[in-house]
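Some notes on the structure that comes next.
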Amino acid sequence: MPNLRFLYFLPIICMALVTFTGCKIYRFTDASVNPNIRSVTINNVPNMAAIQVPSISPSFVEKLQNKFLRETNLRVVQEGGDIEIDGVIVDYMIDPVTITNTETVAQNRLTIAVKIDFTSKIEPEKNFSTTFRELEVYPANLSSNEVDDQIAPIILDKLVQTIFNKAFVNW
């Protein structure tokens, strides 16, 4: 009777084999960096938006540098990198998006826009100058400090991911 037990488990074994050998997990963060590119220079990104939040600019640059260090083999150098990234924060805007029946604001939307100039000395055909814009909706009862500390970092992470994808992810 051992053959009957084997037949019982055969479909389960086949499904497991097909699942684990036939599928590939796709990640949209797989960077494709030319091996001849070895360094990146990320210049200061000044905040030229109408609303000035002092922590936004250094936080954005730090997040961008960390992304390059974590997900590529590139060295971040002060100047003369094979890739140079210049940018400016052009917008930091808060808009009401949900008004209640008592004419009070229930939700706001924070939008941050960054103009990025990406220059590659090795692959000039991949150069770009683009304004990236991301937003997040949040409860209107958050204070401006809470927005700066909790919501803005989420948007900055989105911006960094979008910029990184534009530069290195070919999908």
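Throughout, residue positions are numbered sequentially from 1 according to the sequence presented. In this text, all values refer to a predicted model and were calculated from it rather than measured experimentally.
Residues Ile83 and Ser39 have side chains not in contact (no heavy-atom distance under 4.5 Å, counting atoms from C-beta outward). Between Leu110 and Val147 the shortest side-chain heavy-atom distance falls below 4.5 Å. The side-chain heavy atoms of Pro96 and Arg109, taken from C-beta on, include no pair separated by under 4.5 Å. Considering only heavy atoms from C-beta on, Leu159 comes within 4.5 Å of Ile112 through its side chain. With a 4.5 Å cut-off on side-chain heavy atoms, Arg133 and Asp91 count as touching. Looking only at side-chain heavy atoms (C-beta outward), Phe60 and Ile42 stay at 4.5 Å or farther from each other. Residues Val114 and Tyr92 have side chains not in contact (no heavy-atom distance under 4.5 Å, counting atoms from C-beta outward). Side-chain contact between Asn108 and Asp95: absent, with no pair of heavy atoms (C-beta onward) separated by less than 4.5 Å.
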Check the pair Ile37 / Ser120 against side chain to side chain contact (heavy atoms under 4.5 Å, CB included), numbers first and verdict last.
CA-CA 9 Å; Ile37 298 174; Ser120 173; 4.0 Å; yes
Apply side-chain hydrogen bond (donor to acceptor under 3.5 Å, both in side chains) to residues Thr130 and Lys115 and explain how you reach the verdict.
CA-CA 6 Å; Thr130 305; Lys115 183 181 181 299; over 6 Å; no
Tell me, with the steps shown, if Glu71 and Phe164 meet side chain to side chain contact (heavy atoms under 4.5 Å, CB included).
CA-CA 9 Å; Glu71 297 195 23; Phe164 187 83; 3.7 Å; yes
Show, in sequence, the C-alpha distance, side-chain angles and deciding distance for Gln78 and Thr41, and conclude whether the side-chain hydrogen bond (donor to acceptor under 3.5 Å, both in side chains) test is met.
CA-CA 6 Å; Gln78 291 295 325; Thr41 298; over 6 Å; no
Working for side chain to side chain contact (heavy atoms under 4.5 Å, CB included), residues Leu142 and Ile151
CA-CA 10 Å; Leu142 292 182; Ile151 307 305; 4.0 Å; yes
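Cluster annotation: Phe132 is not connected to Ile154 through the hydrophobic network of ILVMFWY side chains, with a link wherever side-chain heavy atoms come within less than 4.5 Å. Linking ILVMFWY residues whenever their side-chain heavy atoms come closer than 4.5 Å, directly or via other members, leaves Val61 and Val77 in distinct clusters. Hydrophobic cluster membership differs between Leu64 and Val88, with clusters built from Ile, Leu, Val, Met, Phe, Trp and Tyr side chains linked at under 4.5 angstrom.
Using a 30° and 60° split on the angle between ring planes, Phe118 and Phe128 fall in the parallel class, below 30°.
Other residues, nucleotides and ligands contribute at most 12 non-hydrogen atoms within 6.0 Å of the CG atom of Asn73.
No donor-acceptor distance shorter than 3.5 angstrom exists from the side chain of Asn44 to the backbone of Pro46, with no hydrogens or angles considered. With hydrogens and angles disregarded, no donor-acceptor distance shorter than 3.5 Å links the side chain of Thr111 to the backbone of Leu135. Looking at Asp117, its side chain never comes within 3.5 Å of a backbone N or O of Asp86 through a donor-acceptor pair.
Considering Leu74, Val160, Val33 in turn, Leu74 is the only one that fulfils the side chain to side chain contact (heavy atoms under 4.5 Å, CB included) rule with Phe68.
Take Glu136 and apply the salt bridge (charged side-chain N to carboxylate O under 4.0 Å, His left out) test, not counting sequence neighbours, and it matches Lys158. Taking Ser143 as the reference, Asn145, Glu146 meet the side chain to side chain contact (heavy atoms under 4.5 Å, CB included) condition, with sequence neighbours excluded.
The shortest heavy-atom contact between Asp82 and Arg38 is OD2-N, 2.8 Å.
In this structure, a donor-acceptor pair under 3.5 Å is absent between the side chains of Asp157 and Gln161.
Atom CD1 of Ile163 is separated from atom CD of Glu134 by 9.0 Å, given to the nearest 0.5 angstrom. Here the CG atom belonging to Asn36 is positioned 6.0 Å from the CD1 atom belonging to Ile122, to the nearest 0.5 angstrom.
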Donor-acceptor list for residues 48-58 side chains, cut-off 3.5 Å, not counting sequence neighbours:
{"from": "Gln52", "atom 1": "NE2", "to": "Asn47", "atom 2": "O", "distance (Å)": "3.0"}
{"from": "Gln52", "atom 1": "NE2", "to": "Ala49", "atom 2": "O", "distance (Å)": "2.7"}
{"from": "Ser57", "atom 1": "OG", "to": "Val45", "atom 2": "O", "distance (Å)": "2.2"}

